Amino acid sequence: MTITREYLPEIEFEHVSMRYQTDAAEVLALEDVSVHIQKGEFVSLLGPSGCGKTTLLRIMADLIQPTSGEVKIAGETAREARLAQKYGIVFQSPVLYDWRKVKQNISLPLEMMSMNKTEKEKRIHNLLELVGLEKFKDKYPWQLSGGMQQRVAIARALAMEPEILLMDEPFSALDEFSRERLNEELLSIWSKFGNTVVFVTHSISEAIFLSDRVFVLSPHPGRLSAIVEIDLPRPRTKEIRNSPEFYQLISDIRSSFEGV
Amino acid sequence: MKNYIQLKRWTPTLVWIVGLLVIWEICSWFLLQVLQVPLAQSKLPYIHELMYTMLEYGSTLFSEGWVTFTNAAIGFALGAVVGSLLAILMSLSKWVEQLTFPYAVGSQMIPILGLAPIVYGIVHDDQLSRIIIAAYITFFPVALNVLRGLRCADPAAVELMHSYAAKPWSVYLKLRFPAALPGLFSGLKIAAPLAVTGAILVELMGATKGLGVIMLRNLYYGPSHNYMFWLTVIAGALLGIFSYLLITIIERIVSPWQPEFRSTGGDE
Ligand SMILES: Nc1ncnc2c1ncn2[C@@H]1O[C@H](COP(=O)(O)OP(=O)(O)O)[C@@H](O)[C@H]1O
Ligand SMILES: [Mg+2]
């Protein structure tokens, strides 16, 4: 891709560190992390478990505050961005509300906005179509498979049409087949919305398939150890997984792990 | 087909009940005729005699039982509301919890048997004191279980609300209250039969109407009123079971999404 996008900083971390204080010990989860993510970019945070990926994501979302360093979201603080409802979050587990049917789960974030009923219904309908769950709109979460539940969670996260979509290992509980299919679906959804996506994963191939750039983190303490540009063409289809470029990227990233 | 399945489901219960009654009848006959125990019928009366008395005095039992039930129900509802409000206050502030919780626990240490005449002495109204005692019994299990329900909402679900910049009342309305419903109903199910027992207890201490009143009267009248006495005891027990079942039915209607109500396949 030779098109150079105008650089619009969306997420900026400057020298962010996070220290957890527990009764027993003190954990340095992130040390001096600086990242700059562009508007509309699809970025993955890749690393073994315990390297601080979730911590980084939670700081972005203003669910926790860093011990030191500065976070800017489109020029504002993370708190201002959260209060302006700029985030959509998908957690590792779907976190659906048991007492709500599928369509009511999707409408949850819309109930926090002032939006008239017809527009709300139209949006829910579109989202159901987008994630292919129209037929299941009146089911309760426990009546769906794990993959379907996670699709509901994605639809819910997109409901507010958030500028920033944060996803924390959303597909890690699924089997390989569902995961690959959902990866493709996610890309096609993203191509329609064009929002900034920060995607946490510990799967190298998932990170490569999805992202414009992969941020590789190393553990103890959590540090940014490499940034890998993924210059595979878009739209990406499953054939790309078999291309030599794809394999090259996998081995590049593997070796960046061995470097630390 | 559906009727058949229904029948199959209820058969064990039915067999169980009939079997129990038969054994009762045999034991009763054994006590009276074989062992010739003195006052055998007040130890275990004949079922058929009870049924005969039931036919004669059924309407009295029903009307007195109704009085007990309504008083217990009013007190129960009052206790449920007070208990839930207390739980909400405690969940909102640790300070309120620390201030009120020891008293709530302590209140349950006072024997109802001692409390009932005190309450009666204060309010001088047997109906009101029944309501107060039923409420008193109800509020504690309800407060305890609702508080736990409000607190145990999934932390990730709370974070989700936080990420939407949801107002605190929205978090309660859309997350904590629904999440506390199972707790509310377990509290109510514990309290419902106890509220009935509590109301009967107050009636024993002096009231004009109610199951407890005829229970005591028939006890005083001695062996001649033995069957009626037994019937009042049985009616009290049935009233407790009935209130429990009523709560169960309401629970199914209000929160059908609970894990224990999920059918395991086959309703598609
Ligand atoms: N709330 C917490 N309290 C204490 N330590 C924590 C907490 N959350 C995470 N940690 C620690 O911080 C480190 C990074 O955790 P996390 O961000 O969850 O990593 P990842 O998502 O990459 O698996 C781990 O060592 C973890 O044990
Ligand atoms: Mg994690």
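To find a chain, count down the sequence lines: A is the first, B the second, and so on, and within it residues start at 1. Treat the numbers as computed from the prediction; the structure is a model and nothing was measured.
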Notebook entry, point to check: What orientation do B:Phe101 and B:Phe140 show, parallel under 30°, tilted 30 to 60°, or perpendicular over 60°?
Noted result: tilted

Item checked: Contacts of residues 43-55 of chain A with chain B (heavy atom under 4.5 Å) -> none

Checklist line | Donor-acceptor pair between A:Glu206 and A:Thr201 side chains, under 3.5 angstrom | finding: yes

Check: Have B:Ser129 and B:Asp126 got a donor and an acceptor in their side chains that come within less than 3.5 Å?
Finding: no

Notebook entry, point to check: Looking at A:Leu166, A:Leu63, A:Leu83, which has the largest count of heavy-atom pairs under 4.5 Å with chain B?
Noted result: A:Leu63

Check: In terms of heavy-atom contacts, does CZ of B:Arg151 have more than 12 from other residues, nucleotides or ligands at under 6.0 Å?
Finding: yes

Notebook entry, point to check: Ring centroid separation for B:Phe242 and B:Phe69, is it under 6.0 angstrom?
Noted result: yes

Margin query: Heavy-atom pairs under 4.5 Å with chain B: which of A:Gln85, A:Met113, A:Arg156 has the most?
Written below: A:Arg156

Next item on the list: Identify which of B:Pro256, B:Pro259, B:Ala156 forms the greatest number of heavy-atom pairs closer than 4.5 Å to chain A.
Entry: B:Ala156

Item checked: Any donor-acceptor pair under 3.5 Å from B:Thr197 side chain to B:Pro193 backbone -> yes

Note to self: Does either side chain, that of B:Tyr172 or that of B:Ser91, offer a donor lying less than 3.5 Å from an acceptor on the other one?
What the structure shows: yes

Checklist line | Most contacts with chain B, counted as non-hydrogen pairs under 4.5 angstrom, among A:Ala157, A:Pro141, A:Pro109 | finding: A:Pro109

Notebook entry, point to check: Which bit of A:Arg100 is near chain B, if near means a heavy-atom gap under 4.5 Å: side chain, backbone, both or neither?
Noted result: side chain

Check: Would you say the side-chain atoms of B:Gln98 pair up with the backbone N or O of B:Trp95, donor to acceptor, closer than 3.5 Å?
Finding: no

Next item on the list: Please check if any side-chain donor atom of B:Ser255 sits under 3.5 Å from a side-chain acceptor atom of B:Gln258, or the reverse.
Entry: yes

Notebook entry, point to check: Okay, side chain of A:Gln150, backbone of A:Pro170: is any donor-acceptor separation there less than 3.5 Å?
Noted result: yes

Notebook entry, point to check: Does the side chain of A:Thr196 pick up a donor-acceptor pair with the side chain of A:Glu41 at under 3.5 Å?
Noted result: no

Notebook entry, point to check: Does a side-chain heavy-atom distance below 4.5 Å link B:Thr138 with B:Leu194?
Noted result: no

Notebook entry, point to check: Under 4.5 Å, heavy atom to heavy atom, which residues of residues 177-184 of chain B contact chain A?
Noted result: B:Pro178, B:Ala179

